[in-house]
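See below for the structure under consideration.
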2 protein chains.
Amino acid sequence: MTAAVVRRKPVSRANTPEGACAPIACKDCGIYHLCLTVGGEVDLSQLDLLVKNRRTYKRGELLYRIGEPYRAAFAIRLGSVKTSVLTDDGRVQVTGFHIPGEVLGLNAIIDDRYNCEARALETTSVCEVPFERYEELALQLPGLQRQMLRIMSQEIVHNQEMMLLLGKKKAEERLATFFVNLSRRLERHGRPALEFKLSMSRSDIGNYLGLAEETVCRVITRFEEKALISTERRLVRLGQMDRLQALARGSAVLE
Amino acid sequence: MTAAVVRRKPVSRANTPEGACAPIACKDCGIYHLCLTVGGEVDLSQLDLLVKNRRTYKRGELLYRIGEPYRAAFAIRLGSVKTSVLTDDGRVQVTGFHIPGEVLGLNAIIDDRYNCEARALETTSVCEVPFERYEELALQLPGLQRQMLRIMSQEIVHNQEMMLLLGKKKAEERLATFFVNLSRRLERHGRPALEFKLSMSRSDIGNYLGLAEETVCRVITRFEEKALISTERRLVRLGQMDRLQALARGSAVLE
DNA sequence: CGTATCCTTGATGCCTCTCAAGACGGGTGG
DNA sequence: CCACCCGTCTTGAGAGGCATCAAGGATACG
């Protein structure tokens, strides 16, 4: 199974129909990316060492904890994961939500310890990518390094955007930004971008956005009153993306 | 000059007396680190291509802007720099302050464009590190890649801590965290850690911490009343580090 | 069908922002 | 060398956005 995936030929970067987007071969699946860049350059059998285990985590299970010795990076095939950091007195800050096709845990490669914790939001299937031989492999596969840098670079950009959001935006702008970004990422991974089911609770969203759970509810209600979105529990339909985007940018207010 | 620096032999990581800590050779200077890891492995003359220009920026001058094509990374020799990101409607979020011995602009290597802007807070001398030949060099210098990953990894950790601060901490905890962290970094670079001069304004600090300038002033005043610190304009003396640290952790309150 | 979890809405209070004004200090030009 | 000026810092008063506390309703799961 692993070998089959790894030896898959690089394909064009054109849009893939959703049906053809099997989790591990998805054009924007992290693992695929990691493999794509090295394909054809070296003996691909080496890559069997990279993608080893598949595993499923149940809702609430930890993929890794802060400070835990590095085991592997994780490419999500199905489900979703939240990552968070902690204060010494127990407060939690959710730092990100991760959907199929995304990779997490990469920056622990250098530190040898995870610097945040990751918890499955629902039943989640991942590829674990043990990188114990990372240093040697990197010597042979220059493209691998580039991919690593790219993924970490993206994370830095995301974190900077979050700092901007947490430091400068109002509640409505934060929620609008959240929906717009989630929508964009779903689209990038070939999934419906205007109607989807949230895998995280209002409480998680609030924690992520630096808001109280109740504030999240109230803002969502306001959005519904203005027909920006409609919701039913965790099912969300984005009605007016343009106005949402304007709100997210701060270039409009919800009059 | 450049060659001399580059060909410098690796030295022990023991503490260096402050006097011996010339900016570019400082044990924790970013450039030194970049060079250290590659020293002795390859033809060092290659490294002349890495560290090319020295340049001085005046207070308020931009090192680079958001979206500008990648020119170089910057190792600060003397002075200080702030980095910030912008909302579309012009709001600014300061994402970091950088002191001598630290490197910035690295993650633009992959994107080919800077993802934040950097501005000198005072007269600042930097080494510009043009990485146009980065990809080739990385092939020959595996240690270089590792250093890049380490620096980016540190930035991710810092950003995560900032998200925690911006999302969950109160004004007093934020200021305490700011002073403790700055002190730690100054110490790491062999400078006085309990008495120093801030290069940034109250307004910059407030922006960085997600607070209004006035709130920064008021909290500092409160700290002085409790004898945690003493200040005179931008000169700061940390009087009770233990209590500051307790505040920063959230495991104490300013009664 | 009961129970736990999640979501929603209301009332109240507080932390921090905003607006305002004055003090202080450093730099500059006469 | 002094006086002026402007940026920065400080403190006060008031307002507001969001957190907190509280309670009821909806949904999923065993």
Side-chain angles (χ1 to χ4, degrees), chain A residues 58-60 80 82 91-94 119-123 165-178 197-225 229-236 247 250 253-255, chain B residues 58-60 80 82 91-94 119-123 165-178 197-225 229-236 247 250 253-255:
Chain A
K58 284 201 283 283
R59 167 196 168 86
S80 52
K82 70 172 173 183
R91 276 171 288 182
V92 179
Q93 171 71 39
V94 173
R119 192 181 296 269
L121 286 166
E122 57 195 316
T123 301
L165 179 147
L166 293 168
K168 296 287 171 297
K169 292 188 180 180
K170 293 194 184 306
E172 287 174 356
E173 296 170 334
R174 298 188 192 195
L175 257 299
T177 303
F178 172 72
K197 188 171 164 300
L198 299 172
S199 58
M200 68 295 280
S201 68
R202 303 287 195 265
S203 171
D204 281 333
I205 296 173
N207 187 305
Y208 177 58
L209 298 177
L211 299 171
E213 178 181 0
E214 297 92 325
T215 304
V216 173
C217 281
R218 278 184 255 267
V219 172
I220 287 179
T221 301
R222 246 177 287 163
F223 282 0
E224 292 198 86
E225 287 167 0
I229 68 175
S230 61
T231 68
E232 192 188 327
R233 291 294 270 193
R234 295 194 175 182
L235 189 68
V236 179
L247 258 182
V253 283
L254 202 57
E255 86 286 349
Chain B
K58 284 203 283 283
R59 167 196 167 86
S80 50
K82 70 172 172 182
R91 277 171 287 182
V92 179
Q93 170 72 40
V94 173
R119 191 181 295 270
L121 285 165
E122 57 195 316
T123 301
L165 179 146
L166 293 169
K168 296 287 173 294
K169 293 188 178 179
K170 295 197 182 306
E172 287 174 355
E173 297 170 334
R174 297 187 193 194
L175 257 301
T177 303
F178 172 72
K197 188 171 164 301
L198 299 172
S199 59
M200 68 294 282
S201 67
R202 304 286 195 264
S203 171
D204 281 333
I205 297 174
N207 187 305
Y208 176 57
L209 298 177
L211 300 170
E213 178 181 0
E214 296 93 327
T215 304
V216 173
C217 281
R218 279 185 254 267
V219 171
I220 287 179
T221 301
R222 247 176 285 162
F223 281 0
E224 292 197 86
E225 287 168 0
I229 71 176
S230 61
T231 69
E232 191 188 330
R233 295 291 273 191
R234 295 193 175 182
L235 189 68
V236 179
L247 257 183
V253 283
L254 203 56
E255 86 291 341

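Please read these numbers as outputs of a predicted model, since none were measured by experiment. To find a chain, count down the sequence lines: A is the first, B the second, and so on, and within it residues start at 1.
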Any side-chain N or O of B:T221 below 4.0 angstrom from OP1/OP2 of D:dT10?
no
Is there a donor-acceptor pair under 3.5 Å between the side chain of B:R174 and the backbone N or O of B:L166?
yes
Below 4.0 angstrom, N of the basic side chain to O of the carboxylate: do B:R91 and A:E173 qualify?
yes
Contact nearer the 5' end of DNA chain D, comparing B:S203 with A:R233:
B:S203
Nearest-Å distance for atom pair CZ/C1', residues A:R91 and D:dT20:
15 Å
If I take atom CG in residue A:L209 and atom P in nucleotide D:dC18, what distance separates them, rounded to the nearest angstrom?
12 Å
Where the side chain of B:A212 is concerned, which of C:dT18, C:dT9, D:dC18 is the nearest nucleotide?
C:dT18
A:L121 atom CG is separated from C:dT5 atom P, nearest whole Å, by 17 Å
Using a cut-off of less than 4.0 Å, is there contact between a side-chain N or O of B:T215 and OP1 or OP2 of C:dC17?
yes
Judged by atom type as modelled, is there a donor-acceptor pair below 3.5 Å linking the side chain of A:N207 to the main-chain atoms of A:V92?
yes
Side chain to side chain contact (heavy atoms under 4.5 Å, CB included) test vs B:E172 passes for just one of B:V219, B:T215, B:T177, namely B:V219
Establish whether the base of C:dG10 is bridged to the side chain of A:R218 by a donor-acceptor pair shorter than 3.5 Å.
yes
Rounded to whole Å, CD of B:E122 lies from P of C:dG26 at a distance of 16 Å
Just call it for B:G210: base, sugar-phosphate, or nothing, with non-hydrogen atoms closer than 4.0 Å on any strand.
sugar-phosphate
Looking at every strand, decide which applies to A:R59 at a 4.0 Å heavy-atom threshold: base, sugar-phosphate, or nothing.
sugar-phosphate
Side chain of B:E214, base of C:dC19: donor and acceptor closer than 3.5 Å?
yes
What integer distance in Å separates A:K170:NZ from D:dC18:P?
6 Å
For B:I220, which contact category applies under a 4.0 Å heavy-atom criterion: base, sugar-phosphate, or nothing?
nothing
What is the distance from CZ of B:R202 to P of C:dC24, rounded to the nearest Å?
15 Å
Atom CZ of residue position A:R59 - does it have more than 12 heavy atoms of other residues, nucleotides or ligands inside 6.0 Å?
no
Rounded to whole Å, please give me the gap between CD1 in B:I205 and P in D:dT8.
13 Å
Between B:R234 and A:A171, just flag the one whose closest nucleotide in DNA chain D comes earlier from the 5' side.
B:R234
Between P of C:dC17 and NZ of A:K168, the distance in whole Å
9 Å
